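These numbers come from the heavy atoms of this one structure, side chains and all, not from hydrogens, waters or symmetry mates. Model, not experiment: these values are computed from the prediction.
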Amino acid sequence: QVQLVESGGGLVQAGGSLRLSCVASGRTFNMYAMGWFRQAPGKEREFVAAISRPGTITHYADSYADSVKGRFTISRDNAKNTVSLQMNSLKFEDTAVYYCAARAGLRATTPRDYDYWGQGTQVTVSS
């Protein structure tokens, strides 16, 4: 069992930055690929970014949705059981609840492939 707790959401103007963090409980954090997803009102949950567990070949280490590529960066600190999402050049359309997720195995880009979820943190970008 893994418990995930997100933080760092808030209100920011377009063009600004936010950094989301997700802390995982348990001692097996290194066994999990981690992902960030988001869900806007009236829309389905969508993939944002994912990062593989330690030891994965660098070429396959992380991946991003096209809509955030070049603006968002996912990273993990395995010593602190933490995965972060640095979000720069935020746009109004980035407004959503952002969720952290964990998956035993390789990184994935679809919500149904993830086993554990956090409660979400709201990100609101004003235009």
Note to self: With no hydrogens and no angle check, just 3.5 Å: does a side-chain donor-acceptor pair link Ser17 and Asn88?
What the structure shows: yes

Next item on the list: Give, for atom CD of Glu44 and atom CZ of Arg38, the distance between the pair rounded to the nearest 0.5 Å.
Entry: 14.0 Å

Next item on the list: Establish whether Val123 and Phe37 are linked, either directly or via other cluster members, by ILVMFWY side-chain heavy-atom contacts under 4.5 Å.
Entry: no

Note to self: Using side chain to side chain contact (heavy atoms under 4.5 Å, CB included), reason through Phe29 and Arg76 one step at a time and then give a plain yes or no.
What the structure shows: CA-CA 10 Å; Phe29 181 70; Arg76 63 188 296 163; 3.3 Å; yes

Next item on the list: Indicate the atoms forming the closest heavy-atom contact of Leu4 with Ala24, along with that distance.
Entry: CD2-CB, 3.5 Å

Next item on the list: Could you go through the side chain to side chain contact (heavy atoms under 4.5 Å, CB included) check for Thr110 and Phe47 one step at a time?
Entry: CA-CA 6 Å; Thr110 54; Phe47 170 72; over 6 Å; no

Note to self: Restricting to non-hydrogen atoms, name the atom on Thr82 and the atom on Ser21 that form the minimum distance, rounded to 0.1 Å.
What the structure shows: CG2-CB, 4.4 Å

Check: Got Leu18 and Gln86 here, is their nearest side-chain heavy-atom distance under 4.5 Å?
Finding: no

Check: What's the shortest heavy-atom distance between Asn78 and Asn30, and which atoms?
Finding: CB-OD1, 3.1 Å

Next item on the list: With rounding to the nearest 0.5 Å, note down the distance linking CD in Gln13 to OG in Ser127.
Entry: 9.5 Å

Next item on the list: Please report the closest heavy-atom contact between Tyr64 and Thr73, naming both atoms and the distance.
Entry: OH-CA, 3.4 Å

Notebook entry, point to check: Is the count of non-hydrogen atoms from other residues, nucleotides or ligands lying under 6.0 Å from Gln119 atom CD greater than 12?
Noted result: yes

Check: Judged by modelled atom types alone, do Arg103 and Tyr114 share a side-chain donor-acceptor pair under 3.5 Å?
Finding: no

Note to self: Please determine whether a side-chain nitrogen of the Lys or Arg among Asp66 and Lys69 lies less than 4.0 Å from a carboxylate oxygen of the Asp or Glu.
What the structure shows: yes

Note to self: Trp36 vs Phe72, test: side chain to side chain contact (heavy atoms under 4.5 Å, CB included). Steps then yes/no.
What the structure shows: CA-CA 11 Å; Trp36 285 97; Phe72 290 11; over 6 Å; no

Margin query: If hydrophobic clusters are built by linking Ile, Leu, Val, Met, Phe, Trp and Tyr wherever their side-chain heavy atoms come under 4.5 Å apart, do Val97 and Val23 end up in the same one?
Written below: no

Notebook entry, point to check: Just by modelled atom types, is the Gly9 backbone N or O under 3.5 Å from a matching donor or acceptor in the Thr121 side chain?
Noted result: yes

Margin query: Testing the basics here: between Ser89 and Arg71, what is the closest heavy-atom pair and its distance to 0.1 Å?
Written below: O-NH1, 2.9 Å

Notebook entry, point to check: Taking all non-hydrogen atoms of both residues, which atom of Ala40 and which atom of Ala96 are closest, and how far apart?
Noted result: N-CB, 3.9 Å

Notebook entry, point to check: Do the ring planes of Trp117 and Tyr99 sit parallel (below 30°), tilted (30 to 60°) or perpendicular (above 60°)?
Noted result: perpendicular

Check: Do the non-hydrogen side-chain atoms of Tyr116 and Gln1 ever get within less than 4.5 Å of each other?
Finding: yes

Margin query: Main chain of Cys100, side chain of Glu6: is a donor-acceptor contact present, judged purely on distance under 3.5 Å?
Written below: yes

Next item on the list: Could you check if a side-chain atom of Ile74 sits within less than 4.5 angstrom of a side-chain atom of Val83, using non-hydrogen atoms only?
Entry: yes

Note to self: Side chains of Ser63 and Thr109, heavy atoms from C-beta outward: is any pair under 4.5 Å?
What the structure shows: yes

Next item on the list: Output, in order, the C-alpha distance, side-chain angles, deciding distance and verdict of side chain to side chain contact (heavy atoms under 4.5 Å, CB included) for Arg19 and Leu85.
Entry: CA-CA 6 Å; Arg19 185 176 180 87; Leu85 185 69; over 6 Å; no

Next item on the list: Flag the pair Leu20 / Met87 as yes when at least one side-chain heavy-atom distance between them is below 4.5 Å, and no otherwise.
Entry: yes

Note to self: If we ignore hydrogens and angles and just use 3.5 Å, is the side chain of Asp115 paired with the main-chain N or O of Ala104 as donor and acceptor?
What the structure shows: yes

